[in-house]
Amino acid sequence: MTERQATKEWGRTVLRLRKEGTFAELLKAEINVSEYSAKEVGDRIGVSLASVNKWKAGHSYPLTHFVYRLSILLHVDDWVEALVRYNQMIDKERMIE
């Protein structure tokens with residue numbers, strides 16, 4: 001698989017997860033396609049790697065100010081849209097619990 005094909009496949013995965021995935025699945029995929037490791041994400045937004053891993057595993061959710069920071073870090077150009085999407089996903093999942 002070429003780099004271009006791999007990028008397209010990740011793009012499709014992220015789009016699918018935005019529509020029908022969980023916050024944890026989407027966060028994991030978006031970190032994987034970003035230029036940051038999970039540790040770097042934690043360092044940049046002010047949490048531990050353990051916290052990021054808990055979010056990626058679906059064991060907990062980030063506090064609102066960390067969702068804001070995640071949105072800005074992972075979606076520089078469309079962070080407001082990402083913030084709304086993340087919050088909607090988290091709210092929906094919390095209602096199901």
Side-chain angles (χ1 to χ4, degrees):
M1 183 180 290
T2 68
E3 184 177 340
R4 183 172 184 214
Q5 289 171 321
T7 301
K8 278 183 160 181
E9 184 60 34
W10 268 114
R12 287 186 198 107
T13 300
V14 169
L15 287 174
R16 179 183 55 77
L17 292 172
R18 285 179 181 176
K19 290 180 183 175
E20 56 195 52
T22 64
F23 172 76
E25 293 168 331
L26 179 60
L27 181 61
K28 185 176 179 180
E30 289 185 340
I31 289 173
N32 285 342
V33 298
S34 77
E35 61 189 73
Y36 307 109
S37 68
K39 179 170 180 7
E40 291 171 321
V41 168
D43 289 346
R44 289 178 181 264
I45 67 169
V47 298
S48 66
L49 173 59
S51 292
V52 175
N53 286 335
K54 285 179 187 177
W55 303 337
K56 287 173 45 181
H59 297 300
S60 66
Y61 296 104
L63 297 173
T64 303
H65 60 284
F66 294 127
V67 175
Y68 171 78
R69 292 175 188 176
L70 277 170
S71 301
I72 292 172
L73 180 66
L74 297 176
H75 301 278
V76 175
D77 295 330
D78 62 344
W79 67 268
V80 173
E81 193 176 303
L83 177 63
V84 170
R85 181 184 321 108
Y86 288 161
N87 281 320
Q88 287 175 339
M89 292 179 87
I90 291 168
D91 289 347
K92 180 180 171 186
E93 291 171 27
R94 283 187 171 154
M95 291 179 94
I96 293 171
E97 292 178 347

Has the side chain of E25 got a donor or acceptor atom that lies under 3.5 Å from a matching backbone atom of T22?
yes
Check whether any side-chain heavy atom of E81 lies under 4.5 Å from a side-chain heavy atom of R85, and answer yes or no.
yes
Could you pull out the closest heavy-atom pair between K56 and A24, with the gap in Å?
O-CB, 3.4 Å
Nearest 0.5 Å please: distance from the OG1 atom of T64 over to the CG atom of L83.
9.0 Å
For E30 and Y86, which I'm curious about, is there any donor-acceptor pair between the side chains at under 3.5 Å?
yes
Counting distance only, does the side-chain N/O of S71 pair as donor-acceptor with the main-chain N or O of V67 below 3.5 Å?
yes
A side-chain contact here means heavy atoms from C-beta on lying under 4.5 Å apart; do V76 and I72 qualify?
no
In terms of the angle between their ring planes, are Y61 and F23 parallel, tilted or perpendicular, with boundaries placed at 30° and 60°?
tilted
Shortest non-hydrogen contact from V41 toward L74
CG2-CD2, 4.5 Å
Heavy-atom count check: over 12 atoms from other residues, nucleotides or ligands less than 6.0 Å from D77 CG?
no
Under a single-linkage definition using a 4.5 Å side-chain heavy-atom cutoff for Ile, Leu, Val, Met, Phe, Trp and Tyr, are I31 and L63 assigned to the same hydrophobic cluster?
yes
Cluster check V80, L26: I/L/V/M/F/W/Y, side chain < 4.5 angstrom:
yes
When you measure from the side chain of E40 to the backbone of S37, do you find a donor-acceptor pair of N or O atoms at a distance under 3.5 Å?
yes
Out of curiosity, K54 NZ to L49 CG, how far, rounded to the nearest 0.5 Å?
11.0 Å
Between G21 and M89, what is the shortest heavy-atom contact and its length?
O-CE, 3.2 Å
Verify the neighbour count for atom OH of Y36: are there more than 12 heavy atoms of other residues, nucleotides or ligands below 6.0 Å?
yes
Is there side-chain contact between V47 and W55, with heavy atoms separated by less than 4.5 Å?
yes
Of all heavy-atom pairs linking H75 and A82, the shortest is CD2-CB, 3.3 Å
